[in-house]
Amino acid sequence: MSSSSEPTGQPAWAAVPADWPRTEAEATAVQERLRGGVDASSAAILPGDPGLMVGVDVAYDDERDLVAAAAVALDARGLARVAQATAVGRVSFPYVPGLLAFREIPTVLAALDRLGHTPDLVVCDGYGLAHPRRFGLASHLGVITGLPTIGVAKSPFVFRHDSPGPRRGDASPLWDGTQEVGRALRTQPGVKPVFVSVGHRMTLDVACAHALHLSPRYRLPETTRAADAACRRALAALAREHG
DNA sequence: GCGACAG
DNA sequence: ATCTTGTCGC
């Protein structure tokens, strides 16, 4: 047993599953197998509903082959912090565009387990359906956990888009041919847009509304900002303890 | 074949 | 992601 005087608690250790994909071919096969499980037909939670909005993010120390993940729960009404948890582990996959989930998910799952609350929405750093195989990180995490998820990415990936209007809330589609798979969304006036896509149990309109609601002051959602800070702190603490 | 390419 | 100096602004 361990006592925690830290407000955040000690990080959980995240083991990489023995059957985790090791090659790109194995990883893409997993995506092809799971992608049918995505539900984008309706939104499990609406902005304004009570509930817990959970941001997840990951920080890396490739030198030491370490990952730290954080899950931070904010009250949907008022965005006050309710709980947070962190986890650390070994890097489970190299960075390959399109296969980000295999790098982040084991540690993120450990942090979510440790949270002690069931999220009503998980906000991921990256993409969901706006992905080469329609199964980015947010969708993958959603299908594995069964939780509603959205992706909010900081930079464009594979799909083209026009610049959204200058006002907060202005958006323009991310096109995969003639299909809208995501949206470039202006969360703050005069600031670069973010890129929103559905993860699981969510629609694009509602995903954008959540992203906007979660970003009252800065470009990025408060969930993402909180999770980013928390996983960086966890990684720094880990490097401090060891060498 | 070459470049681009979430984090 | 991470590395990094200064700079502009509240």
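Reminder, nothing fancy here: chain letters follow the sequence lines and each chain counts from 1.
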Backbone N/O of Pro173(A) and side chain of Arg183(A): donor-acceptor pair under 3.5 Å: no

Sugar-phosphate, base or nothing in reach of Pro132(A), heavy atoms under 4.0 Å: nothing

Which protein N or O atoms sit under 3.5 Å from an N or O of nucleotides 7-10 of chain C?
none

Euclidean distance, atom CD of residue Gln31(A) to atom P of dA6(B) [Å, nearest integer]: 15 Å

Aromatic plane relationship, Phe102(A) with His140(A) - under 30° parallel, 30 to 60° tilted, over 60° perpendicular: perpendicular

Sub-4.0 Å heavy-atom contacts from residues 193-200 of chain A onto DNA chain C, ordered by number: none

Phe157(A)-dA6(B) aromatic stacking (under 5.5 Å, under 30°): yes

Exercise: do Gln179(A) and Arg134(A) side chains pair donor with acceptor under 3.5 Å: yes

Length of the NE2-C1' vector between His161(A) and dC5(B), whole Å: 14 Å

Sugar-phosphate only, base, or nothing, as touched by Gly151(A) at under 4.0 Å among non-hydrogen atoms: nothing

Distance test, side-chain N/O of Ser155(A) to OP1/OP2 of dC5(B), below 4.0 Å: no

Ile105(A) CD1 - dA6(B) C1' separation (whole Å): 13 Å

Length of the OH-P vector between Tyr95(A) and dG7(B), whole Å: 7 Å

Value in whole Å for how far the P atom of dC5(B) lies from CZ of Phe159(A): 14 Å

Whole-Å distance separating the CG atom of Leu174(A) from the P atom of dA6(B): 13 Å

Sugar-phosphate, base or nothing in reach of Leu99(A), heavy atoms under 4.0 Å: base

Runs of at least three consecutive pairs that involve DNA chain B, where pairs are Watson-Crick or G-U with distances under 3.5 Å: none

Pair listing, side chain to side chain donor-acceptor pair (under 3.5 Å) test, anchored in residues 38-62 of chain A, at least two apart: Asp39(A)-Ser41(A), Tyr60(A)-Glu104(A), Asp61(A)-Arg64(A), Asp62(A)-Arg103(A)

Main-chain N/O of Gln31(A) paired to Arg133(A) side chain as donor or acceptor, under 3.5 Å: no

hydrophobic_cluster_shared for Leu46(A) and Val122(A), side chain cutoff 4.5 Å: yes

Main-chain N/O of Gly199(A) paired with Ser139(A) side-chain donor or acceptor, under 3.5 Å: yes

Atom pairs under 3.5 Å, N or O on each side, protein against nucleotides 1-6 of chain C: can you list them with distances?
residue, atom, partner, partner atom, Å
dA1(C), OP2, Lys154(A), NZ, 2.8
dT2(C), OP1, Tyr60(A), N, 3.3

Under 3.5 Å donor-acceptor, Glu180(A) side chain and Leu204(A) backbone: no

Sidechain-backbone polar pair: Thr107(A) side chain, Ala14(A) backbone, donor-acceptor under 3.5 Å: no

Phe157(A): hydrophobic cluster co-members (side-chain, 4.5 Å): Tyr127(A), Val158(A), Phe159(A), Leu174(A), Val181(A), Phe195(A)

Main-chain N/O of His161(A) paired with Ser172(A) side-chain donor or acceptor, under 3.5 Å: no

Cation over ring face, Arg22(A) and Phe93(A), 6.0 Å, 45°: no

Flag, side chain of Arg168(A) to backbone of Leu212(A), donor-acceptor distance under 3.5 Å: yes

Charged N-O contact under 4.0 Å between Asp75(A) and Arg81(A): no

